[in-house]
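Note that the numbering runs from 1 along the sequence shown for the chain.
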Amino acid sequence: MLLLLLRRAGISGLQQASRLRSTARLCIRACSTNDSFHSQHPSLTSSESNSGSKSWRVMGTLLGLGAVLAYQEHRCRAAQESPPLYTREEVSSHNSPKTGIWVTLGHEVFDVTEFLDLHPGGPSKLMLAAGGPLEPFWALYAVHNQPHIREVLAQYKIGELNPKEKAPPTLDTSDPYAGDPLRHPALKVNSQRPFNAETPPELLTESYITPNPLFFTRNHLPVPHLDPDTYRLHIVGPPGCESLSLSLDDLYQFPKHEVTVTVQCAGNRRAEMTKVKKVKGLEWTTGAISTARWTGARLCDVLAQAGHRLSESEAHVCFVGLDSDPTGTAYGASIPLAHALDPEAEVLLAYEMNGQPLPRDHGFPVRVVVPGVVGARHVKWLGKVSVEPEESYSHWQRRDYKGFSPSVDWDTVDFDSAPSIQELPIQSAITEPQDGETIEAGEVTVKGYAWSGGGRAVIRVDVSLDGGLTWQVAELDGEKQRPRKAWAWRLWQLQAPVPAGQKELNIVCKAVDDSYNVQPDTVAPIWNLRGVLSTAWHRVHVRVTP
């Protein structure tokens, strides 16, 4: 069960859960000797009055207890028999409170529906594992794998997985996506081929650094399968200089640099634009953003070794990935040369993510990380770097990831008229509570994230409980931000009393950066046909129980 007893502070939940153990203990008591039973109920064996009414009460009590004991004896015998067997398909169909919440651990099947409201991490976190295995969640949150937690889980066992069930069929090797890596089941999938998924909001702000398996995934093409031993990164040299062909070991020889960077897709929160008017693109909600510590060689150091210098005329550094479509077209993007050569910009050729080699979904063995810049320029599975007089001719640079007026439609759009998105505007979103949730009266805790592109620091997050009529300032958490180099988000939270008598709250957040840029209040004025740069005030509506 996801995040089962994540916080030991959930003692009250355990106390309620312990009461459920009484049913299991009935079986033990029912199978015990009569003497042990009598010792627990001495009043039933002591001398009684000759009163007829008392005699009938005793007889009725004994008959009732006899029926209970017979029933418990039946349950004991049943428990000693083979447990019910279920298929994975049967388990997966029990994924809502209506159908029941089933999960598996190893070969065992558990019905944890009754535990939903007792889960210390909240029902939404437990629901992430509904209908599937617990292992991926317990691997991330090892605190679960303890005897007392397994004891609680054991109370909900209903059977086992059928050992005769065949493993899921493997994809045909001719399928270009057959070699894609396994993904964490908690990710909210927006498309399978290519794979695109966001971090669930209830996990997004659980920690300042996003765990690798939960980092949002944005793929445009099949994930390439690359051999680190034969991998080579080609750095095209300027006229008169030789090009470089760098192995991973060669990259390791450059000074090692680490930087904490938030990566955000240009389409984050696109779903809110779709509500105003339909757009083309994946229906991202608030989870197309994540933060990691990236380690690698600085791009400026590698370009300098190849002989590149700052150009008097405009120039661009073009990146080409090793992912490609069936026609051989690879993903590509570019950034200005001046930005790439600036040591203060900290652009990386990254080979580690949170202290580990890059996962395949995130660019193994090498990717570009461009702090403060839209995720579309962070080219993964990097194969080639060159300096060109113009920006990349890639479709994703010239014909995508650009913003337009709300008046522009697909019949009138001119992609050449707009610059490619680089630095992103100020952004914030609420991750707790979630839209449509029911909260208790008294006090509400509101949590979320805020981030601004270009290294601009988040200086304030304002939160309203009444749709923007009145505001309160949230507390900023996370690492202290450096002036002009605030590459990562700030997590924030606000604890505030729920106004007396309120039956619902319209919670709103807006962030301000150190240039005093602030989010627009509504979506309609910033709507665009690709649904990018969706940065309006984020709103959630919740109900309040008395």
Side-chain angles (χ1 to χ4, degrees), residues 194 196 218-221 236 261-270 273 279-282 284 288-289 299 303 308 310-311 313-321 323-325 329-342 345-349 363 367-410 412-427 451-456 487 517 526-535:
N196 290 282
R218 177 65 174 111
N219 294 338
H220 296 83
L221 300 162
V236 179
V261 176
T262 293
V263 181
Q264 180 182 208
C265 177
N268 191 34
R269 297 179 58 196
R270 178 182 283 133
M273 284 196 171
V279 299
K280 289 188 177 180
L282 296 169
W284 298 109
I289 183 171
L299 179 59
L303 290 176
H308 288 290
L310 191 60
S311 173
S313 59
E314 185 177 7
H316 303 262
V317 178
C318 299
F319 309 112
V320 180
D323 51 335
S324 61
D325 64 17
T329 301
Y331 185 86
S334 61
I335 62 174
L337 176 62
H339 191 80
L341 288 177
D342 183 2
E346 300 187 272
V347 182
L348 287 186
L349 300 179
R367 73 172 297 168
V368 183
V369 172
V370 192
V373 167
V374 65
R377 314 302 167 217
H378 298 229
V379 177
K380 298 187 284 189
W381 314 290
L382 189 62
K384 180 182 176 182
V385 179
S386 63
V387 176
E388 308 292 347
E390 296 187 22
E391 67 177 356
S392 169
Y393 279 93
S394 166
H395 164 85
W396 294 279
Q397 186 80 20
R398 300 274 182 139
R399 293 293 180 268
D400 203 353
Y401 298 118
K402 295 184 177 184
F404 296 93
S405 166
S407 64
V408 174
D409 59 28
W410 288 100
T412 60
V413 63
D414 177 9
F415 277 96
D416 292 329
S417 68
S420 301
I421 299 172
Q422 293 286 343
E423 296 178 0
L424 286 173
I426 182 72
Q427 171 74 281
W451 181 78
S452 190
R456 294 179 289 274
W487 306 131
N517 297 307
I526 60 172
W527 182 95
N528 58 87
L529 76 174
R530 276 293 281 119
V532 295
L533 309 176
S534 182
T535 58

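Note: Tyr393 OH to Ser334 OG = 10.5 Å, rounded to the nearest 0.5 Å. Atom OG of Ser405 is separated from atom CD1 of Ile526 by 12.5 Å, given to the nearest 0.5 angstrom. Atom OG of Ser534 and atom CH2 of Trp527 lie 12.0 Å apart (nearest 0.5 Å). Taken to the nearest 0.5 Å, the CZ atom of Arg218 stands 13.5 Å off from the CD atom of Gln264.
In this structure, Val387 and Ala315 approach most closely via the heavy-atom pair CG1-CB, 4.2 Å. Between Thr412 and Ser407, the closest heavy-atom pair is OG1-O, 4.4 Å. The shortest non-hydrogen separation linking Ala330 to Gly321 is CB-O, 3.3 Å. Among all heavy-atom pairs drawn from Arg456 and Leu424, the shortest one is NH2-O, 3.3 Å. Across Val379 and Ala333, no two heavy atoms sit closer than the pair CG2-CB, 3.7 Å. Leu533 and Pro425 make their closest contact through CD2-CD, 3.8 Å (heavy atoms, listed as atom of the first residue, atom of the second, distance).
Among residues two or more places apart in sequence or in another chain, the side-chain hydrogen bond (donor to acceptor under 3.5 Å, both in side chains) test is passed with Arg269 by Glu272, Gln427. Considering only residues two or more places apart in sequence or on other chains, Trp487 meets the side-chain hydrogen bond (donor to acceptor under 3.5 Å, both in side chains) condition with Glu346. Not counting sequence neighbours, Asp414 has no partner by the side-chain hydrogen bond (donor to acceptor under 3.5 Å, both in side chains) test. Considering only residues two or more places apart in sequence or on other chains, Pro336 meets the side chain to side chain contact (heavy atoms under 4.5 Å, CB included) condition with His339, Gln422. For Tyr331, the side-chain hydrogen bond (donor to acceptor under 3.5 Å, both in side chains) criterion is met by no residue, not counting sequence neighbours. Partners of Asn528 under the side chain to side chain contact (heavy atoms under 4.5 Å, CB included) rule, at least two apart in sequence or in another chain, are Met273, Arg530, Val532. Partners of Phe415 by side chain to side chain contact (heavy atoms under 4.5 Å, CB included), not counting sequence neighbours, listed by chain and number: Arg399, Lys402, Phe404, Trp410, Val413. Considering only residues two or more places apart in sequence or on other chains, Leu349 meets the side chain to side chain contact (heavy atoms under 4.5 Å, CB included) condition with Leu233, Leu251, Leu299, Val302, Val366, Val368, Leu382.
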Test side chain to side chain contact (heavy atoms under 4.5 Å, CB included) on Asp409 and Leu529 and set out the steps.
CA-CA 6 Å; Asp409 59 28; Leu529 76 174; 5.6 Å; no

Using side chain to side chain contact (heavy atoms under 4.5 Å, CB included), reason through Leu282 and Arg270 one step at a time and then give a plain yes or no.
CA-CA 7 Å; Leu282 296 169; Arg270 178 182 283 133; 4.1 Å; yes

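Each salt bridge (charged side-chain N to carboxylate O under 4.0 Å, His left out) pair with one or both residues in residues 382-396, not counting sequence neighbours, appears once here: Glu390-Arg398, Glu391-Arg398.
Counting heavy atoms from C-beta outward, Val347 and Val370 have side chains that approach closer than 4.5 Å. Between Asn219 and Trp381, some side-chain heavy-atom pair lies under the 4.5 Å cut-off. Ser420 places a side-chain heavy atom less than 4.5 Å from the side chain of Arg377. Ile426 places none of its side-chain heavy atoms less than 4.5 Å from the side chain of Thr535.
Side chain of His308 to backbone of Val236: a donor-acceptor contact under 3.5 angstrom is found.
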